[in-house]
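First up is the structure itself, then whatever we jot down about it.
In this chain, residues are counted from 1 in sequence order. Note that the coordinates shown come from a computational prediction; the quantities given were computed from them, not determined experimentally.
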Amino acid sequence: MFVIVNKKNDSLFSEPSRPSYRGTNYKTEAAAKAGITRTMKFYDKAKAQVAEALANGDKEYMAPLYNAYREATDPILERTHLADRDNYRVMDAEEYALIEPTITRTGICPGTGKEITVSASINQPDYLSPLSESYWAS
């Protein structure tokens, strides 16, 4: 199994056009590289849609993929690296498991009100953290 890794922060990358239930693993290295190509085409399509909307006299936010366009072009969001092919690398999933970075956060726990420190994988969703309210909601 292979994964696509974001070079900026060493996190796993999930294609924006790929359904979330498919996950981030690919059977072959070629399939992962094709995922990077699909990502570049997705962001190119978003840029083309915004250019077309502007050419038609509409506002840029009228384009269907406007949010993807902003990710690819707006430096304020600090995500412009997503539309750069050189930002990604393909790795074996077992090799990535050895170097997967962790983040340590300290904060007030919504469930108990006490200050706690939590270490978790950089790829762990925020709702699985004891520092989030959604963790304690159920």
Is it the case that over 12 heavy atoms from other parts of the model lie below 6.0 angstrom from the CD1 atom of I108? yes
When you look at V5 and Y96, which way does the side-chain contact (heavy atoms from CB on, under 4.5 Å) test go after all the steps? CA-CA 8 Å; V5 179; Y96 179 74; 3.7 Å; yes
Any link between Y26 and L12 through a network of hydrophobic side chains (Ile, Leu, Val, Met, Phe, Trp, Tyr) touching at under 4.5 Å? no
Do Q124 side-chain atoms and L128 backbone N/O form a donor-acceptor pair below 3.5 Å? yes
Value for OG1 (T28) from CZ (F2), rounded to nearest 0.5 Å, stands at 7.0 Å
Would you say I116 and P130 make side-chain contact, with heavy atoms under 4.5 Å? yes
Between D92 and E29, is there a side-chain heavy-atom distance shorter than 4.5 Å? no
Going hydrophobic residue to hydrophobic residue with side-chain gaps under 4.5 angstrom, can you get from M91 over to I122? yes
What's the spacing between K45 NZ and S17 OG if we round to 0.5 Å? 9.0 Å
Atom CZ in R38, atom CD1 in I36: separation rounded to 0.5 Å? 10.0 Å
Please determine if R79 forms a cation-pi arrangement with Y69, meaning its NZ or CZ atom is less than 6.0 Å from the six-membered ring centre and no more than 45° off the ring axis. no
Is F42 linked to V50 within one hydrophobic cluster, defined over Ile, Leu, Val, Met, Phe, Trp and Tyr using a side-chain heavy-atom separation of less than 4.5 Å? no
Just do the side-chain contact (heavy atoms from CB on, under 4.5 Å) check on T24 and I4 with the steps written out, would you? CA-CA 7 Å; T24 57; I4 300 173; over 6 Å; no
Mind checking whether T117 and R105 have side chains closer than 4.5 Å, heavy atoms only? no
Go through N87 and F13 one step at a time and tell me if the side-chain contact (heavy atoms from CB on, under 4.5 Å) criterion holds. CA-CA 10 Å; N87 179 57; F13 178 73; over 6 Å; no
With side chains defined as the heavy atoms from C-beta onward, is the minimum distance between D10 and R89 less than 4.5 Å? yes
Search all heavy atoms of K47 against all heavy atoms of A83 and return the closest pair with its distance. NZ-CB, 4.4 Å
S129 (side chain) donor-acceptor with P125 (main chain) under 3.5 angstrom: no
Tell me, yes or no, whether the heavy-atom count around K41 atom NZ, taken from other residues, nucleotides or ligands under 6.0 Å, exceeds 12. no
Is there a continuous path of hydrophobic side-chain contacts, each under 4.5 Å between heavy atoms, that joins L82 to I76? no
Determine, stepwise, if the pair C109 / Y135 fulfils side-chain contact (heavy atoms from CB on, under 4.5 Å). CA-CA 10 Å; C109 177; Y135 178 86; over 6 Å; no
Any donor-acceptor pair under 3.5 Å linking the side-chain atoms of T104 with those of S119? yes
Restricting to non-hydrogen atoms, name the atom on E15 and the atom on G35 that form the minimum distance, rounded to 0.1 Å. OE2-CA, 3.3 Å
Near M62 CE, under 6.0 Å, is it more than 12 heavy atoms from other residues, nucleotides or ligands? no
Looking at N67, is its backbone amide N or carbonyl O close enough to the side chain of Y61 to form a donor-acceptor pair, meaning the two atoms are under 3.5 Å apart? no
So how far is it from R85 CZ to M40 CE, rounded to the nearest 0.5 Å? 6.0 Å
If the threshold is 4.0 Å, N to carboxylate O, is there a salt bridge linking K8 and D84? no
Can you tell me how far the CD atom of E52 sits from the CG atom of D58, to the nearest 0.5 Å? 9.5 Å
If you count the non-hydrogen atoms of other residues, nucleotides and ligands that lie under 6.0 Å from NZ in K33, is the total more than 12? no
Just so I know, are the side chains of Y66 and Q49 near enough to count as touching, which here means a heavy-atom distance under 4.5 Å? no
